[in-house]
Amino acid sequence: MADEKRLFLGLDSSTQGLKCTIIDEALNTVYERAINFDRDLPRFGTKGGVQADGLKVTSPSLMWVAALDLLLEQMRADNAPLALVRAISGSGQQHGSVWLNAKAEGKLRNLQADQPLEAQLADIFAIADSPVWMDSSTGAQCAARERALGGAQAVADLTGSRAYERFTGNQIAKIYENQPDAYAATSHIALVSSFIPSLLIGGFAPIDASDGSGMNLMDIRRKTWAPAALDCTAPGLAAKLGPIVASHEQVGTLHPSFSQRYGFAADVQVIAFSGDNPNSLAGLRLQDPGDIAISLGTSDTVFGFLADAKPSASEGHIFANPVAPDAYMAMLCYKNGSLTREFIRDQSAGGSWKTYAQLLEASPVGNGGCIGFYIRDPEITPPILKTGIWRFDGEGKRVDRFEPAQDCRAVYEGQFLSMRLHGRNVGFKPHRILATGGASVDMSLIRVMADVFGAPVFVAEKSDSASLGAAYRALHGWCCRQTGAFVPFGEILRTSAPFKQVATPDAAAHALYTAMLERYAELEAKVAQLRRN
Ligand code: XUL
């Protein structure tokens, strides 16, 4: 058995679906499969994987259980090499919370191989719908918790971020206030990233430090729950949250029912799962503070490796680093990502990306000074709750309309100018950008990215860095376990192929964007003011 192939499985539970990637020790992908919640599990009635009701956005918790059943069935039907999997890790959409009742622990422990998980676990939830990261309904709790903890900067210094609506501590405070009975009936609060491994190990898996950083509850330097943050949230919270572990740690062994039902080996290690953005940092192999990644998806995120943490009350997040326990990562998150780009494509380019690219090509770099803010969903960076479109001409005068080409260019340029502006404030000094996510195949978008930042852009061969990063982390955690000591993540990556460069910045275009940046900042501040109206 010693020379038998060893495989590592990464699962990615994103907003829209569940995906798996299996790699070998040389980091080759040997199997992939994905399911989409809306398409493959229509009985849960989600749109984009969620149920939205104004500022409140949730997903049915049981849908994630059903998704795991379905994905595993499909893997079995494909004859995926499950028997060779040595370790599993995973990604979850960040911040979402799963509320488990008193029955949950026993039901998880006693999982049976002859039934799907969904049939066994339908009644383990104290709250059926999990608040997810798109929820912005906790403004009152954010304000109250910031007051209790000494202000926004104090919360950022303690937890890595000021209080954000989607961060789990604020969500928990809201549930405690509005549904005290449900709170009392909750034995355990999991993140999406600790819930999926809980299903796998048949018990409550701990939260990892990197995803734990997205809760406004963890002391970002000590990587333990911050007592003051717990105290101003809800009573008895520490017991409901359980411990925090480093991201490379093993959280348990795969429950025997999975071996019986799907043919996994008997001793598969389950390594702590983490958030999708931390896993993307692993999947994109960011190890140098000059590297940043821009992930273009439903939400756009910008993140990079940082040696030290300088949390800011005005923008961005500092998380514990998922592959280097003493380091950090910084991240900016935008809610108006692909859906907003698609909205302008539909409005101004007849629904065609090809027409969009032609319109972009035909319009001048810098858009003749026209700048637009397209807030289709309440924005996170900078915080703008009031949705709307604000267009300014070259003189800074607000106008009602742009030409279609101006709208197309204004969306792309505005998104990257914002990332450059706010990225500078969290300490990014990019020499190299890795683009990832669905929209990273759009070369006209990538061109604008390279020119705005004045840095070359690379793409990973595969655009799903969260799932791949989870598989890398399964291998990493397994290696740490095998050697009995922390193994630097770079050693795991030694055999990885270099990323492909897809854009070189144009110096003249970059100079133009640099000149435009301060005007962009002023207009953005003006638009952000409207939040108070
Ligand atoms: C990050 C965030 C989103 C989700 C998307 O803070 O809220 O990027 O992680 O899954």
Indicate the ring-plane relationship of [X] and [Y], choosing parallel, tilted or perpendicular according to the 30° and 60° boundaries.
X: F486; Y: H248; value: perpendicular
X: Y262; Y: F258; value: parallel
X: F204; Y: H188; value: parallel

Sidechain N-carboxylate O distance under 4.0 Å for [X], [Y]:
X: R145; Y: D231; answer: no
X: D78; Y: R33; answer: yes
X: R261; Y: E73; answer: yes
X: R162; Y: D157; answer: no

Requested in this report: Mark yes or no: K240 above the aromatic ring of Y183, with NZ or CZ under 6.0 Å from the six-membered ring centre and no more than 45 degrees from the axis.
Outcome: yes

Report task. May I ask you to check if R6 and F8 form a cation-pi contact, with NZ or CZ under 6.0 angstrom from the six-membered ring centre and within 45° of the axis? Result -> no

Atom pair [atom1]/[atom2] of [X] and [Y] - distance to nearest 0.5 Å:
X: Q269; Y: R481; atom1: CD; atom2: CZ; answer: 6.0 Å
X: L475; Y: D24; atom1: CG; atom2: CG; answer: 9.0 Å
X: W133; Y: N277; atom1: CH2; atom2: CG; answer: 9.0 Å
X: L434; Y: K500; atom1: CG; atom2: NZ; answer: 13.0 Å
X: D40; Y: I35; atom1: CG; atom2: CD1; answer: 5.5 Å
X: L82; Y: R76; atom1: CG; atom2: CZ; answer: 9.5 Å

Query - Criterion side chain to side chain contact (heavy atoms under 4.5 Å, CB included) on V98 and F125, from CA distance to verdict - result: CA-CA 8 Å; V98 183; F125 301 103; 3.7 Å; yes

Report task. Apply the side-chain contact (heavy atoms from CB on, under 4.5 Å) test between I207 and each candidate in V251, V245, L191, L217; give the one that qualifies. Result -> L191

Report summary line: With T29 as partner, the option from I22, D464, L468 fulfilling side-chain contact (heavy atoms from CB on, under 4.5 Å) is L468

Report yes or no: do [X] and [Y] form a side-chain donor-acceptor pair below 3.5 Å?
X: S295; Y: S280; result: no
X: Q16; Y: T298; result: yes
X: S137; Y: D135; result: yes

Requested in this report: Verify the ring-centre separation between H317 and Y164: is it less than 6.0 angstrom?
Outcome: yes

Report task. Go through the steps for S91 and N279 under the test side-chain hydrogen bond (donor to acceptor under 3.5 Å, both in side chains), then give the verdict. Result -> CA-CA 6 Å; S91 296; N279 278 293; 3.0 Å; yes

Query - Residues, nucleotides or ligands: over 12 heavy atoms within 6.0 Å of Y176 OH - result: no

**Report entry** Exceeds 12 heavy-atom contacts within 6.0 angstrom, atom CZ of R494
**Finding:** no

Query raised in the report: Quick one: are D442 and I446 in side-chain contact, heavy atoms under 4.5 Å?
Result: no

Query raised in the report: Does some side-chain heavy atom of K335 sit less than 4.5 Å from a side-chain heavy atom of S299?
Result: no

Query - side-chain hydrogen bond (donor to acceptor under 3.5 Å, both in side chains) evaluation trace for D129 with Q51 - result: CA-CA 9 Å; D129 294 321; Q51 324 164 112; 3.3 Å; yes

Report summary line: salt bridge (charged side-chain N to carboxylate O under 4.0 Å, His left out) pairs touching residues 277-297, sequence neighbours excluded, are D291-R432

Requested in this report: Could you give me the CA-CA distance, side-chain angles and deciding distance for D211 and Q94, then say whether side-chain hydrogen bond (donor to acceptor under 3.5 Å, both in side chains) is met?
Outcome: CA-CA 7 Å; D211 209 21; Q94 294 195 263; 3.2 Å; yes

